[in-house]
2 protein chains.
Amino acid sequence: MPSQPQATPGTDGRAAPPRRYGHRPTMKDVAARAGVALKTVSRVVNGEPGVTADTAERVQDAITALGFRRNDSARILRKGRTASVGLVLEDIADPFSSALSRAVEEVARLHGSLLFTGSSDEDPAREEELALAFCARRVDGLVVVPAAGADHRYLAPEVHAGIAAVFVDRPPAGLEADTVLTANAAGARAGTAHLIRQGHRRIAFLGDSPGIHTAEERLRGYREAMAEAGLPVDPSWVSMGPTGPDRVGAALAAALAGPAPATALLTGNNRATLAAVRRLRALDRPVALVGFDDLEFADLLSPGLTVVAQDPAGLGRAAARLLFSRLEGETGPARLVELPTRLVVRGSGEVPPA
Amino acid sequence: MPSQPQATPGTDGRAAPPRRYGHRPTMKDVAARAGVALKTVSRVVNGEPGVTADTAERVQDAITALGFRRNDSARILRKGRTASVGLVLEDIADPFSSALSRAVEEVARLHGSLLFTGSSDEDPAREEELALAFCARRVDGLVVVPAAGADHRYLAPEVHAGIAAVFVDRPPAGLEADTVLTANAAGARAGTAHLIRQGHRRIAFLGDSPGIHTAEERLRGYREAMAEAGLPVDPSWVSMGPTGPDRVGAALAAALAGPAPATALLTGNNRATLAAVRRLRALDRPVALVGFDDLEFADLLSPGLTVVAQDPAGLGRAAARLLFSRLEGETGPARLVELPTRLVVRGSGEVPPA
DNA sequence: CGCATCCCTGACAACGTTGTCCAGTCCGTG
DNA sequence: CACGGACTGGACAACGTTGTCAGGGATGCG
């Protein structure tokens with residue numbers, strides 16, 4: 001009876017493998033069933049040479065029959081390389097993060113690696129917890145978008161032990177490592193210059209919290225552009241802090257209220273831009289707006305929204321490439337890649353009163 | 001000399017551990033340095049009782065000095081549970097997916113699990129590849145947004161072996177498993193009914209490719225609402241297919257061109273909504289639009305965009321909860337959770353010619 | 001027909017951790 | 001002072017895989 005019908009389990013000599021729920025067949029089980037040695041199964045599974053077609057087929061049959069799948073945990077333990085990469089973001093639900101994430105995933109896929117992801121929510125402790133958890137899983141490398149105020153010395157032992165680390169969007173603190181940044185200052189300068197070209201002289205800047213590298217760089221670019229044009233900056237125009245609707249509203253009110261009210265506005269990130277657009281809606285007076293970071297629907301607003309566009313996918317791609325180049329043995333000092341921004345001018349009709 | 005100063009490496013009897021690059025200290029190294037047994041180190045690392053404060057401190061010192069971090073690969077191999085979950089999405093860069101992903105991450109975090117993520121790009125083969133790769137890593141469970149046309153029988157051996165699987169947004173094919181869906185038909189019916197209440201009688205439906213469960217359900221809801229109101233549906237009004245700008249544009253043109261041109265439109269997903277809004281801009285005649293799935297900026301359009309809002313975070317949360325309940329031992333038949341949609345009416349002024 | 005050679009196969013150890021179990025120590029009590 | 005108990009510490013095996021190495025069978029050549 002070669003096709004053994006449903007027999008009472010456990011009554012025949014050649015016992016069926018213990019198919020109890022939760023048990024996974026191992027190479028040992030496969031070997032027993034195929035009547036070969038464990039190592040031979042390993043050879044077949046990994047496509048190594050040195051197995052006759054006949055034997056290989058027997059093994060394959062056993063694998064299929066048992067539903068065997070190699071346990072990569074054991075493989076990892078033995079081989080040292082895990083073929084996985086950890087990605088620590090601010091918040092995966094954010095369009096910037098998710099685009100970056102997708103790009104990293106793409107490159108990882110090309111290199112046969114899987115991706116762990118986690119969101120830090122801008123909390124340094126959470127960032128560290130995530131990064132170290134990934135390290136404990138022995139990821140080959142890490143891509144980290146640093147949380148504000150994080151100190152990356154905690155990664156030194158890991159990096160020393162051979163885990164590659166690349167930082168994106170913001171530079172690391174207390175650690176030398178490959179880094180990919182947006183040209184924040186240059187972008188903000190370009191955005192501000194655009195407003196100046198449009199005839200504005202009183203321009204406000206509404207950015208994210210100080211301590212966040214990108215926020216400070218963008219502020220710097222704004223100040224540089226103003227200085228270049230010989231324009232003074234009234235303190236009431238500049239506001240840095242959380243970019244929730246309330247604070248943005250208050251800051252906007254302040255910038256527009258004083259004796260020298262701003263006629264134009266540069267917002268320092270997506271959330272601020274959205275909040276500002278909503279507020280400006282309610283206003284009677286036209287206020288020109290340039291936002292840092294593109295919005296998918298910026299062209300649908302009326303008037304269209306001019307933005308300083310970053311390239312989150314480009315950042316992710318660049319970071320992942322740096323990472324894998326390290327994993328492939330690249331040595332040498334830490335590298336810094338800076339990606340340019342692109343000024344996307346839309347809705348040219350919103351020129352304000354001169 | 002208890003605090004051994006910087007000696008020439010490798011010259012003293014008690015040799016410093018081989019700190020060559022890429023070598024990680026193990027519990028064995030820590031034990032040797034602390035002068036205790038390996039198991040004692042394990043106890044300290046895991047906070048198990050049975051170690052005097054004095055010994056524990058010596059071990060801790062050795063851990064810090066060597067920069068030891070437990071190798072979770074080995075731990076996983078030994079313990080069987082990996083404290084990790086795999087998430088297969090359509091495209092993490094998509095707002096729907098990333099919101100869902102964030103919610104799953106949140107629940108996983110509460111349960112002390114890490115998250116593998118991967119994008120299938122609506123390709124069943126890629127979905128399978130990802131899911132099985134996660135299984136080979138012995139994730140405890142999987143959350144899968146099925147790709148169109150996927151057959152999930154490939155997961156049967158894994159599920160049988162004890163890996164929990166939960167499906168989100170679309171039901172599995174060929175496999176019984178916990179599933180979380182949006183009330184797609186009901187939502188589309190509500191959206192359509194809204195347009196009917198507004199006085200429209202010729203309403204078009206522009207959905208995603210047939211074969212995608214959500215697309216078909218939404219089409220069904222649309223047809224139900226029309227039938228309920230006793231309204232005929234002209235074939236030229238209904239179009240299913242990829243939701244890129246070109247096809248959407250063509251479909252829209254067809255719906256508006258015939259002898260019975262539509263005066264209103266229900267779009268079946270985000271991308272279609274965006275494409276439709278862009279096209280309608282260029283038109284002279286007003287066409288009412290209700291979109292399936294909310295857009296963050298829907299209120300900023302003029303007129304505001306009425307949508308049938310889903311709850312991607314809710315889907316993710318529900319799916320993750322089902323998953324972890326299984327991991328905690330919940331048995332019993334597959335469960336189906338259906339989350340309601342919410343009709344968000346905006347811009348009431350777009351009533352068309354009666 | 002004998003010997004060398006090559007190819008296939010299998011036994012064994014090791015990866016780093018945790019569970020089991022036993023030996024030793026220290027204390028209090030009778 | 002002897003004994004029991006509690007508690008600390010350590011030796012050993014096991015998780016499932018892969019690398020090393022050696023044995024055995026078939027084949028080719030002299």
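Since the model is a prediction, treat every value here as computed from it, not as a measurement. Throughout, a chain's letter reflects where its sequence line sits, starting with A, and its residues are numbered from 1.
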Decide, yes or no, whether a salt bridge links A:Glu106 with B:Arg126 under the criterion of side-chain N to carboxylate O below 4.0 Å.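 Salt bridge between A:Glu106 and B:Arg126, a charged N being under 4.0 Å from a carboxylate O: no.
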Does anyone know the first and last nucleotide of DNA chain D in reach of chain B, 5' to 3', at under 4.0 angstrom to a heavy atom?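 Both ends considered, the range comes out as D:dT8 to D:dG16.
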Under 4.0 Å between any heavy atoms, over every strand shown, what does [X] touch: base, sugar-phosphate, or nothing? Just pick one.
X	value
A:Ser73	nothing
B:Val45	nothing
A:Asn46	sugar-phosphate
B:Leu38	base

Going by atom types only, do [X] and [Y] share a side-chain donor-acceptor pair under 3.5 Å?
X	Y	value
B:Ser84	B:Arg138	no
A:Asn46	A:Arg70	yes
A:Glu128	A:His152	no
B:Thr52	B:Thr55	yes

Whether A:Thr52 contacts C:dT9 is assessed here as follows: a side-chain N or O lying under 4.0 Å from the phosphate OP1 or OP2. Is that the case?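 Result: yes.
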Contact check, side chains of A:Arg24 and B:Ile163, non-hydrogen atoms, under 4.5 Å: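 They are in side-chain contact.
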With side-chain contact (heavy atoms from CB on, under 4.5 Å) as the criterion, how do A:Leu132 and A:Glu158 come out once you've worked through the C-alpha distance, each side chain's angles and the decisive distance to 0.1 Å? CA-CA 8 Å; A:Leu132 291 182; A:Glu158 311 300 324; 4.0 Å; yes
Find the distance A:Lys28:NZ to C:dA11:P and express it as a whole number of Å.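 Going from NZ in A:Lys28 over to P in C:dA11 covers 12 Å.
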Distance, rounded to the nearest Å, where A:Arg58 contributes CZ and C:dT9 contributes C1':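 In whole Å, C:dT9 C1' and A:Arg58 CZ are 11 Å from each other.
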Should the heavy atoms of other residues, nucleotides or ligands under 6.0 Å from CD of A:Glu330 be counted, would the total exceed 12?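 Yes, enclosed.
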Could you pick out which residue, B:Thr55 or B:Leu77, lies toward the 5' side of DNA chain D when each is mapped onto its nearest nucleotide?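 Comparing both residues, the 5'-ward one is B:Thr55.
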More 5' along DNA chain C: B:Arg69 or A:Val51, using each one's nearest nucleotide?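 The residue mapped nearer the 5' terminus is A:Val51.
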Counting primed atoms, P, OP1 and OP2 as sugar-phosphate and everything else as base, the B/S/- map of nucleotides 19-26 of chain C against protein heavy atoms under 4.0 Å is B-------
What distance do B:Ser120 atom OG and B:Glu90 atom CD have between them, rounded to the nearest 0.5 Å?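 Atom-to-atom, B:Ser120:OG and B:Glu90:CD are 6.5 Å apart.
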